[in-house]
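Below: one structure, written as C-alpha cells.
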Amino acid sequence: MDFASRIVAWQRSHGRHGLPWQGTQDPYRIWLSEIMLQQTQVATVIPYYQRFLERFPDVSALAAASQDEVMPYWAGLGYYARARNLHRCAQAVVNEWNGRFPPTAQQIATLPGIGRSTAAAIAAFAYGERAPILDGNVKRVFTRHFGIAGDPARRDVEQSLWALAEAQVAAAPRLDMAAYTQGLMDLGATLCTRGKPDCGHCPLADTCVARREGRQAELPTPKTRKAIPERQTGMLVLQRDGAILLHLRPSPGIWGGLWSLPEFEAGSDPAQAVQRLGLQPLRRYELAAFAHTFTHYRLHIKPWYVPVQPAASLAEPGPAQRWAGAADLPGMALPAPVRKLIDGLLEAGLPD
C-alpha cells in the first residue's frame, strides 16, 4: 500500500472525526478553523470557533462587521494579525468573489492571510482538490518518514518537502483528498509528535527512515536558537470613578486593533506619564512586574495602579481612548496579559 493510501486507511479507523469543523464542505467554516488552528492547540480553538460562528455565521456577516466588532472574539488566541487578515479576507471574498470562496487552491492563496498550505487544505476539504498541504505537523511527518535533514524553514529544505508532498498525491490517482489531508494533520498532531512520537501505532512505521535509524529526536532538524531580545515598558492602570482608561493599539503592530493600557518608558516617573495624558494622579501603587513572551522578543512589564482626579477636572479622551467600567470590559478585545492584570485588580478590589 502506498504512502497516501496508508494515511487514508489509518485516518478512517483511528483519526479524529468529532471536531466541530469536520463533516462540512462549507469553505467559510473550514477557512475559519484553519486560520484559528495556526500555532494554536485544538482544545484552545474549539470554544473560540464556536463563539465566533455564533456571532459571524457566514462570510457576509464577518465582512459587514467592523474590526472593533471582530477583535473581541479573537482576544486571547494571540497572533492578532490573523484576526485582522481574517476580516480583510472576508471583505475580499464578498467584494471580489461575490461572497463565495474561490474554487481552487491557487486562487484561494491570493486572499489576505492565506498561504499555500492553508489554501490547499481549504480546497481539499471544501472542493476535493488534489492539492498537497505542508503545515508544521506535516513537515514533521515528512522529514522523519523520508529522512530529510536541515531546518524545514530553510528554502531548499522546504522545496524538497513540497516536492515530496506533491509526489505522494500524484502517486495515488483515486485518493480521497479530504481523508488524506485530515489524516496527515491527525498523524502529526497525535502520533508523530515533537517530543515522544508513538511509532508503535504509526501506519508509516515500517518505511520510516527516522524510526529505522533511531533519528526521531534529530528530525526535523531543530532551528538554531537565538537569544530572545528583552524589552521593558511601564503600564498605567488609571482609574477614574471606577472606570479604567484604555488606548486602542494601532494596526499593524503588536496587539494592533486591541484595547490596552497606556504605556510609558520603563524606569521613568509614572506620575509624569499620567500628567502628560492631561490627568492628575491622586495616589500611585506599584504592582508586581511580569513578563510576556512574543514570537520575537520578551516584554517585561512594570504596572502601576493610579487613581486620578474625578471626571470634572479632566480633558475628554481622544478617539483612540475610552474609560471602560467593569461592565464594559468583558466585551472588549484586550491582550491576554492586560486582561489578566485588570481582572486581578478587579477581583482584589480597586483601592481609592
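Given the structure is predicted, the values throughout are model-derived calculations rather than measurements. All values below were derived from every heavy atom in this structure, side-chain atoms included, with hydrogens, water molecules and symmetry-related copies excluded.
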Taking the six-membered ring for Trp and the single ring otherwise, decide whether the centroids of [X] and [Y] are under 6.0 Å apart.
| X | Y | value |
| --- | --- | --- |
| Phe56 | Tyr28 | no |
| His292 | Phe294 | yes |
| His300 | Phe290 | no |
| Tyr49 | Trp21 | yes |

Check this for me, if you would: do [X] and [Y] make a salt bridge, where the nitrogen-to-carboxylate-oxygen distance has to be below 4.0 angstrom?
| X | Y | value |
| --- | --- | --- |
| Arg16 | Asp186 | yes |
| Asp151 | Arg154 | no |
| Arg6 | Asp206 | yes |
| Arg284 | Asp269 | yes |

Is Arg116 close enough and on-axis enough to Trp162, meaning under 6.0 Å and within 45°, for cation-pi? yes
Is the charged tip of Arg51 near the ring of Tyr73: under 6.0 Å from the six-membered ring centre and within 45° of its axis? no
Roughly how far, to the nearest 0.5 Å, is SG of Cys208 from CZ of Arg144? 8.0 Å
Name the atoms and distances for all side-chain donor-acceptor pairs under 3.5 Å in residues 98-106, with sequence neighbours left out.
{"from": "Thr104", "atom 1": "OG1", "to": "Gln107", "atom 2": "N", "distance (Å)": "3.2"}
{"from": "Thr104", "atom 1": "OG1", "to": "Gln107", "atom 2": "OE1", "distance (Å)": "3.0"}

Applying side chain to side chain contact (heavy atoms under 4.5 Å, CB included), run through Leu261 and Leu334 and close with a yes or a no. CA-CA 9 Å; Leu261 296 167; Leu334 307 179; over 6 Å; no
Quick one: does [X]'s side chain get under 4.5 Å of [Y]'s, heavy atoms only?
| X | Y | result |
| --- | --- | --- |
| Cys89 | Trp31 | yes |
| Ile254 | Pro335 | no |
| Leu187 | Leu204 | yes |
| Glu158 | Pro152 | no |
| Glu166 | Arg130 | no |
| Thr24 | Phe125 | no |
| Leu345 | Leu287 | yes |

Fit a plane to each ring of Phe142 and Phe3, take the angle between them on a 0 to 90° scale, and name the class: parallel (under 30°), tilted (30 to 60°) or perpendicular (over 60°). tilted
Is it possible for you to say whether [X] and [Y] belong to one hydrophobic cluster, with membership spreading through side-chain heavy-atom contacts below 4.5 Å?
| X | Y | value |
| --- | --- | --- |
| Leu346 | Trp259 | yes |
| Trp304 | Leu282 | no |
| Leu191 | Val209 | no |
| Tyr297 | Tyr80 | yes |

What pairs with Gln22 under side chain to side chain donor-acceptor pair (under 3.5 Å), at least two apart in sequence or on another chain? Gln182
Could you pull out all residues at least two apart from Glu218 that satisfy side chain to side chain donor-acceptor pair (under 3.5 Å)? none
Evaluate the criterion side chain to side chain contact (heavy atoms under 4.5 Å, CB included) for residue pair Val306 and Tyr285; output intermediate values, then yes/no. CA-CA 6 Å; Val306 184; Tyr285 302 87; over 6 Å; no
For residues 167-180, tabulate all N or O donor-acceptor pairs below 3.5 Å that involve a side-chain atom, not counting sequence neighbours.
{"from": "Gln168", "atom 1": "NE2", "to": "Leu164", "atom 2": "O", "distance (Å)": "3.0"}
{"from": "Asp176", "atom 1": "OD1", "to": "Ala178", "atom 2": "N", "distance (Å)": "3.3"}
{"from": "Asp176", "atom 1": "OD1", "to": "Ala179", "atom 2": "N", "distance (Å)": "3.2"}
{"from": "Asp176", "atom 1": "OD2", "to": "Arg12", "atom 2": "NH2", "distance (Å)": "2.9"}

Kindly indicate, with the supporting measurements, whether the criterion side chain to side chain contact (heavy atoms under 4.5 Å, CB included) is fulfilled by Leu184 and Gln11. CA-CA 8 Å; Leu184 279 175; Gln11 198 281 327; over 6 Å; no
Could you check Arg140 against Asn137 for side chain to side chain donor-acceptor pair (under 3.5 Å), going step by step and ending with a plain yes or no? CA-CA 5 Å; Arg140 187 164 58 252; Asn137 282 337; 2.6 Å; yes
Derivation of the side chain to side chain contact (heavy atoms under 4.5 Å, CB included) call for Ile342 and Leu246: CA-CA 11 Å; Ile342 294 175; Leu246 296 175; 4.2 Å; yes
More than 12 heavy atoms from other groups under 6.0 Å of CZ on Arg84: yes
Enclosure of Gln232 CD (heavy-atom neighbours >12, cutoff 6.0 Å): yes
Please name the pair of heavy atoms, one in Gly257 and one in Gln67, separated by the smallest distance, quoted to 0.1 Å. CA-NE2, 3.7 Å
Taking every heavy atom of Ala324 against every heavy atom of Leu329, the minimum-distance pair comes out as CB-CD2, 3.9 Å
Filter on salt bridge (charged side-chain N to carboxylate O under 4.0 Å, His left out), then keep only pairs touching residues 251-265, sequence neighbours left out; what's left? Arg249-Glu263
If the condition is salt bridge (charged side-chain N to carboxylate O under 4.0 Å, His left out), which residues does Arg88 pass it with, not counting sequence neighbours? none
Under 3.5 Å, is there a donor-acceptor pair linking the side chains of Gln239 and Tyr305? yes
Apply side chain to side chain donor-acceptor pair (under 3.5 Å) to residues Gln41 and Thr44 and explain how you reach the verdict. CA-CA 5 Å; Gln41 297 293 320; Thr44 301; over 6 Å; no
